[in-house]
Amino acid sequence: MATTDTELGAPAERREGREKVSGTARYAAEHHVAGRVHAWPVAATVACGTVRAIDTGDALELPGVLAILTHENAPRLADADDPTLFVLQNSRVPHRGWPIALVVAETLEAARAGAGAVRAEYEVRDHDVTLTEGHSGAYVPEKANGGFPADRERGDPEGAFASAAIRVDAAYRLPPLHNHPMEPHAATARWDGHRLVVHDSSQGTTAVRATLAALFRLPEEQITVVAEHVGGGFGSKGTARPHVVLAAMAAQRTGRPVTVALPRRSLSALVGHRAPTLHRVRLGSDEQGSLTTVLHEVTTHTSRIKEFVEQAAVPARVMYASPHSRTTHRVVPLDVPSPSWMRAPGEASGMFALESAMDELAVALGMDPVELRIANEPDTEPDSGKPFSSRHLVECLREGARRFDWAHRDHRPGPHPTGGPLLVGSGVAAAVYPVLVQPSTATAQALSDGNFTVRVNATDIGTGARTVLAQVAADALGVPLDRVRTEIGSSDLPSAPLAGGSSGTASWGWAVHGACTRLRARLTEHTGPLPEAGLSANADTSGSADADSDYARHAFGAHFAEVGVDTVTGEVRVRRLLGVYAAGHILNSRTARSQFIGGMTMGLGMALTEGSTMDAAFGDFTEADLAAYHVPVHADVPAVEAHWIDEDDPHLNPMGSKGIGEIGIVGTAAAIGNAVHHATGVRHRELPLTPDRVLMGLPSRTER
């Protein structure tokens, strides 16, 4: 193997790639344990109330049906810290889709048929599932997701806005969005006496083990949770979800290994979603474009059983210099499924609103939107006053503009006709995502045959974690990459945090680097052949939370988009999409590019195709499967370009890396929306930009 393949940054191929493309990689529902049976959940068909009676007689008579768990006979769980996991414990129905029974059968088909034969009667109560501005139930939460204060204020933002020479006051609306990973949420559970073994589709098995231990009143050492391969998660598999609890309960009740694979139509109710957000953004500036005040106010919803507040106003605390600022969050509890994490929670939603408003300000000023952003570059983080550990947003904007040939763009908003039915325009938006690091442990072992094994309970959710961690180890050990083997994805391995918040590689890699550095020192001191058991070294890192750092640590980026808008159909096609990022040292150029492009593609879906509606009468999301909820397909995605600026940031971790899994989605939707405005001259403040919505906004043919 070439020496460069051992260096961080080299485009090493995914170690599990052949298994995945050949179909030999096993996922949570594919562990064929002897005697395994299947289970299918029965979902509540009311939005609020209680189960008055449940009839399982007909279902139990069906061939292959073994048992039906309800709140009347299911194993009793300890009180859950997460109420979304307290399933089949009482008759309450907090929202439509809540599990009221679980049918266990010899085959998947029999379980599904049995679920269809269960009959329930309800005590129905009035429900409210509609988020509105000024809702009477809105309150100020103590914290938003991530532990951020709900409200922050500097100076006199209202007074500064009233006296500003140039003002933008705009409302933006984003719908609920749903995580739709290719692999559904699934778990296979079995009990060996008092020991529980679970194969789970999870972003972090250490956390799942802790949750199951608490629910089933077991010591953690009596539980093993394995996530060998995970087919995507995007946040929805970040913590234990109801399927793994149901699988463990069913296995305990029947004495058989049980697989629960949630039907895709259940995902919108049971695994979280990106909550809808209502934004009011007000920007004030002088006539040269220097911001004097930034106000970003957000209203969102949560369920009645668990508070989750999308931190969508937080990015406005980071991005641009202004002497006055106010950012607020309000939350409305409704009879809806509990929202949760979805790729870049807070940043993806908040930056659409903020970056759209910045574009509106640029138009009002008659100023190049790239130059407007550069003109408002802060010297320190506006909210905290801390110096940035590194901030190369200006370089990203300049490099992106160069690659995109931005200088030849007509900065006046459209319509920009092409001589046919298409209007063409281009837009820009900035991106930001915080640097997050969590405590992790790892073990490195030198084997007598000259090879090395690194063990850490990392989870590879499609990001290439196995490969990158091997590169970190090889670099720290000073050995070729093919001499390093990685073991990940089991709670029996050294404890590690989940794959989420773009923190995985930084957290796990720090521990791996530490273990390998210590092992290398031991090997330097060792004389003679290695013992048969080899030599080992451990590392236990505390990480470094941003709140404890003397520096404000973030990744930054710039997105550029060119769109064509069909004036006959209203269809928007993205013709070009380019991103430039500043995310520390890139540890694997191949997998990094894949992550950036994946995020950008998801942002394209957010802009053009993805959106969900809550049916006020039935209390249900109407787009509950891939036939109605439209994720982008290959035909929707152009040749996407992702580039980066290599940063040397000494205030991060031993690898000098920042997370890259989420910044690709941040700002993409705004860049596309700004491009649609540039093409048509019409500003859309609500996503997605579907053909009907765009067509209705276009000037009439006589006006064109």
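These figures come from a predicted structure and were not determined experimentally.
At least one side-chain heavy atom of P263 sits less than 4.5 Å from a side-chain heavy atom of P41. Between L102 and M249, the closest side-chain pair of non-hydrogen atoms is not below 4.5 Å. Under the 4.5 Å side-chain criterion, counting only non-hydrogen atoms from C-beta, F216 is in contact with L77. In this structure the side chain of N145 never reaches within 4.5 angstrom of the side chain of H329, judged on heavy atoms. Counting heavy atoms from C-beta on, the side chains of Y139 and E307 come closer than 4.5 Å. Taking 4.5 Å as the limit, some side-chain heavy atom of F621 sits within range of a side-chain heavy atom of P337. Taking 4.5 Å as the limit, some side-chain heavy atom of L262 sits within range of a side-chain heavy atom of V271.
Side-chain contact of E310 with T277: a donor-acceptor pair under 3.5 Å is absent, judged by distance alone. With hydrogens and angles left out, the side-chain atoms of S491 and T205 include no donor and acceptor closer than 3.5 Å. A side-chain N or O of D492 and one of T224 form a donor-acceptor pair less than 3.5 Å apart. For T443 and N538, the side-chain atoms include at least one donor-acceptor pair closer than 3.5 Å.
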### Query
Would S236 and L267 satisfy side-chain contact (heavy atoms from CB on, under 4.5 Å), going step by step from the backbone distance to the final call?
CA-CA 9 Å; S236 68; L267 300 192; over 6 Å; no

### Message
Show, in sequence, the C-alpha distance, side-chain angles and deciding distance for T591 and T463, and conclude whether the side-chain contact (heavy atoms from CB on, under 4.5 Å) test is met.
### Response
CA-CA 7 Å; T591 57; T463 55; over 6 Å; no

#### Entry: I660/Y581 under side-chain contact (heavy atoms from CB on, under 4.5 Å): CA gap, chis, key distance, verdict
CA-CA 9 Å; I660 60 174; Y581 305 96; over 6 Å; no

### Task
Evaluate the side-chain contact (heavy atoms from CB on, under 4.5 Å) criterion for residues R317 and Q311: first the C-alpha distance (whole Å), next the side-chain angles of each, then the deciding distance (0.1 Å), finally the verdict.
CA-CA 11 Å; R317 302 172 184 174; Q311 72 275 25; over 6 Å; no

#### Entry: Steps toward side chain to side chain donor-acceptor pair (under 3.5 Å) verdict (S503, Q438)
CA-CA 7 Å; S503 67; Q438 303 294 332; 5.2 Å; no

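Environment of CG in D81: sparse, with no more than 12 heavy atoms of neighbouring residues, nucleotides or ligands closer than 6.0 Å. Within a 6.0 Å sphere centred on CZ of F618, heavy atoms belonging to other residues, nucleotides or ligands number 12 at most. Taking a 6.0 Å sphere around CZ of R173, one finds it holds 12 or fewer heavy atoms contributed by other residues, nucleotides or ligands.
In terms of heavy atoms, R92 sits closest to T50 at CA-CG2, 4.2 Å. Of all the heavy atoms in M606 and A348, the pair that sits closest is CE-O, 3.3 Å. In terms of heavy atoms, H199 sits closest to A28 at O-CB, 3.6 Å. What you find for L334 and L131 is that their closest heavy atoms are CD1-N, 3.8 Å. Taking every heavy atom of both residues into account, A213 and P219 meet most closely at CB-C, 4.5 Å. When every heavy atom of G97 is checked against every heavy atom of L270, the shortest pair comes out as O-CD2, 3.6 Å.
Between E16 and K20 there is a salt bridge, since at least one side-chain N of the basic residue sits less than 4.0 Å from a carboxylate O of the acidic one. Residues R265 and D625 are paired through a salt bridge, judged by an N-O separation under 4.0 Å between the basic side chain and the carboxylate.
Q203 contributes a side-chain N or O that, together with a main-chain N or O of K237, makes up a donor-acceptor pair within less than 3.5 Å. A donor-acceptor pair is defined here as one N or O able to donate and one able to accept, closer than 3.5 Å; such a pair exists between the side chain of R76 and the backbone of Q89. Not one N or O on the side chain of R36 forms a donor-acceptor pair closer than 3.5 Å with the backbone of R190. Under a 3.5 Å cut-off, the side chain of T541 and the backbone N or O of S440 do form a donor-acceptor pair. A donor-acceptor pair under 3.5 Å is absent between the side-chain atoms of T299 and the main chain of L278, judged by distance alone. In terms of modelled atom types and a separation under 3.5 Å, the side chain of T302 and the main chain of F308 share a donor-acceptor contact. Within the 3.5 Å criterion, the main-chain N or O of A138 finds no donor-acceptor partner in the side chain of R330. Formation of a donor-acceptor pair under 3.5 Å by the D460 side chain with backbone atoms of G464 is found in this model. For H135 (side chain) and G137 (main-chain N/O), a donor-acceptor pair under 3.5 Å exists by modelled atom type.
Here the NE2-OG1 distance, from H95 to T84, works out to 8.0 Å after rounding to the nearest 0.5 Å. In this structure, S338 OG and L85 CG are separated by 9.5 Å, a value rounded to the nearest 0.5 Å. With rounding to the nearest 0.5 angstrom, the CD atom of E623 is 11.5 Å from the CD atom of E610. Taking CG of L174 as the reference point, atom OG of S349 lies at 5.0 Å (rounded to 0.5 Å). Remark: I665 CD1 to Q595 CD distance equals 12.0 Å, nearest 0.5 Å. Taking CG of L196 as the start and CZ of R209 as the end, the distance is 11.5 Å to the nearest 0.5 Å.
Using the six-membered ring where Trp is involved, H296 and H279 have ring planes that are tilted, between 30° and 60° apart. Between H178 and H273, the angle of the ring planes lies from 30° to 60°, which puts this pair in the tilted group. Taking the six-membered ring for Trp and thresholds of 30 and 60 degrees, Y27 and H229 have ring planes inclined between 30 and 60 degrees apart.
With ring centers used as reference points, H513 lies 6.0 Å or more from W510.
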